[in-house]
K.L.:
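One structure, as structure tokens, below. Some questions next.
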Amino acid sequence: MLGGMVTGSSQPPRTGATVWLTGLPSAGKSTLARGAANLLASGGHRTEILDGDEMRRTLCRDLGFSRAHREENVRRIGQSALALARNGIIVLVPVIAPYAVSRASVQTAHQQNGIPYVEIYVNAPLDVCRDRDVKGLYAQQQAGQLTGLTGVDDPYEPPTRPDLEIPTHRQTEDESVALLHRFVARLLTNHSLSRHS
Ligand SMILES: Nc1ncnc2c1ncn2[C@@H]1O[C@H](COP(=O)(O)OS(=O)(=O)O)[C@@H](OP(=O)(O)O)[C@H]1O
Ligand SMILES: Nc1ncnc2c1ncn2[C@@H]1O[C@H](COP(=O)(O)OP(=O)(O)O)[C@@H](O)[C@H]1O
């Protein structure tokens with residue numbers, strides 16, 4: 001159910017939040033989402049990952065990579081994240097979301113519902129992402145088999161004021177995961193303190 005609150009529980013509501021990981025393909029979004037989700041789950045938190053690739057096989061399988069379709073993709077995933085987060089789940093969203101206006105709309109929707117939303121800029125230079133090329137997309141683009149690749153021949157608008165920037169080219173995977181985990185844990189503590197004070 002994506003439309004409303006889950007009701008009928010006698011448990012006090014937990015703090016949910018949406019943690020959006022934006023960045024170029026191969027910057028490290030999915031790796032960090034998985035790593036942080038594992039650590040948060042070990043700490044007793046309920047977590048969910050809405051990964052761009054997976055969402056594009058399911059909820060968004062009718063969408064391509066035009067600007068309009070990318071905006072619709074982000075809108076749907078943003079609404080899904082909000083529905084989960086307002087029911088106490090920490091939602092990690094490794095989705096490129098190349099347009100600042102789309103990310104701002106998701107943030108506004110969360111603010112209107114009083115649900116924490118943070119934007120994490122997973123930042124590695126294009127050359128590093130191209131060398132990693134986890135899914136072979138940069139090579140495909142280079143070979144002329146793919147057009148409209150984010151950051152190469154399609155726009156990417158980096159966040160100007162992210163809540164956290166993670167330079168994955170200067171850190172080990174473990175260091176980046178720990179940084180993200182610490183940041184989210186602190187966010188949850190602060191939100192819960194402000195709700196109960
Ligand atoms: N043209 C083009 N541009 C960018 N990405 C492409 C493209 N074609 C396929 N892919 C694969 O789709 C994943 C990105 O999907 P997203 O839903 O995150 O993109 S977006 O927010 O709608 O722009 C992206 O996943 P990540 O590599 O994990 O970022 C790619 O695997
Ligand atoms: N500090 C780091 N944080 C995250 N990933 C890293 C880091 N250093 C190297 N990597 C590697 O970069 C790649 C990132 O791939 P992935 O997480 O799929 O990127 P994205 O989801 O942004 O497309 C992985 O192979 C990962 O092992």
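Whatever order the structure lists ligands and atoms in, that order sets their numbers, starting from 1. Sequential numbering from 1 along the given sequence is applied to the chain's residues. Here the structure is a predicted model, which is why all the values come from computation and not from measurement.
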K.L.:
Looking at V91, T47, L180, which one forms a side-chain contact (heavy atoms from CB on, under 4.5 Å) with V19?
P.N.:
L180
K.L.:
Should P116 and H110 count as side-chain neighbours, where that means a heavy-atom distance under 4.5 Å?
P.N.:
no
K.L.:
Given V177, which of T172, L39, I166 fulfils the side-chain contact (heavy atoms from CB on, under 4.5 Å) condition?
P.N.:
L39
K.L.:
Report the nearest protein non-hydrogen atom to atom 28 (O) of ligand 1: residue, atom name, distance rounded to 0.1 Å.
P.N.:
K135 NZ, 2.7 Å
K.L.:
How close does the nearest protein non-hydrogen atom get to atom 3 (N) of ligand 1, and which residue and atom is it?
P.N.:
R70 NH2, 3.1 Å
K.L.:
Which residue holds the protein heavy atom closest to atom 16 (P) of ligand 1, what is that atom called, and what is the gap in Å?
P.N.:
R56 NE, 3.6 Å
K.L.:
Starting from atom 24 (C) of ligand 1, locate the nearest protein heavy atom and write down its residue, its atom name and how far away it is, to 0.1 Å.
P.N.:
D53 OD1, 3.8 Å
K.L.:
Would you call E71 and R67 a salt bridge, taking side-chain N to carboxylate O under 4.0 Å as the test?
P.N.:
yes
K.L.:
Can we say D53 and K135 salt-bridge, meaning some charged N sits less than 4.0 Å from an Asp/Glu carboxylate O?
P.N.:
yes
K.L.:
Please identify which of these residues, V118, I77, L50, meets the side-chain contact (heavy atoms from CB on, under 4.5 Å) condition with W20.
P.N.:
I77
K.L.:
Compare every heavy atom of S26 with every heavy atom of R132, then report the nearest pair and how far apart it is.
P.N.:
NH1-O, 2.9 Å
K.L.:
Would you check ligand 2 and list the protein residues that come within less than 4.0 Å of it by any heavy atom, ordered by chain and number?
P.N.:
L24, P25, S26, A27, G28, K29, S30, T31, L32, R132, V134, T168, Q171, T172, E173, S176
K.L.:
Pull out every atom of ligand 1 sitting under 4.0 Å from any heavy atom of K29, numbered as shown with elements.
P.N.:
29 (O)
K.L.:
For atom 21 (O) of ligand 1, what's the nearest protein heavy-atom neighbour? Residue, atom name and distance, please.
P.N.:
A97 N, 2.8 Å
K.L.:
Assess R161 against Y121: is NZ or CZ under 6.0 Å from the centre of the six-membered ring, and within 45 degrees of the ring's axis?
P.N.:
no
K.L.:
For atom 4 (C) of ligand 1, grab the closest protein heavy atom and report residue, atom and distance to one decimal in Å.
P.N.:
T150 OG1, 3.3 Å
K.L.:
Does an N or O anywhere in V74 fall below 3.5 Å from an N or O of ligand 1?
P.N.:
no
K.L.:
Quick check: do I120 and E165 have side-chain heavy atoms less than 4.5 Å from each other?
P.N.:
no
K.L.:
side-chain contact (heavy atoms from CB on, under 4.5 Å) with Q141: which of T147, D154, T150, V152?
P.N.:
V152
K.L.:
Of all the atoms in ligand 1, which lie at a distance below 4.0 Å from a heavy atom belonging to P25?
P.N.:
27 (O), 29 (O)
K.L.:
Can you check which of N73, V95, L149 brings a heavy atom nearest to atom 17 (O) of ligand 1?
P.N.:
N73
K.L.:
Around atom 18 (O) of ligand 1, find the nearest protein heavy atom and jot down its residue, atom name and distance.
P.N.:
I96 N, 2.9 Å
K.L.:
Using a 3.5 Å cut-off on N or O atoms only, is L137 in polar contact with ligand 1?
P.N.:
no
K.L.:
Would you check if R46 and I90 make a side-chain contact, meaning some heavy-atom pair closer than 4.5 Å?
P.N.:
no
K.L.:
Any sub-3.5 Å donor-acceptor pair from R130's side-chain atoms to Y138's backbone N or O?
P.N.:
no
K.L.:
At what distance is the nearest protein heavy atom to atom 6 (C) of ligand 1, and which residue and atom is it?
P.N.:
F65 CE2, 3.4 Å
K.L.:
Below the 3.5 angstrom mark, is there an N/O of D51, backbone or side chain, next to an N/O of ligand 1?
P.N.:
no
K.L.:
Using side chain to side chain contact (heavy atoms under 4.5 Å, CB included) as the criterion, list what pairs up with E119, not counting sequence neighbours.
P.N.:
T22, R103, Y117, P159, D163
K.L.:
Please determine if G148 has a nitrogen or oxygen closer than 3.5 Å to a nitrogen or oxygen of ligand 1.
P.N.:
yes
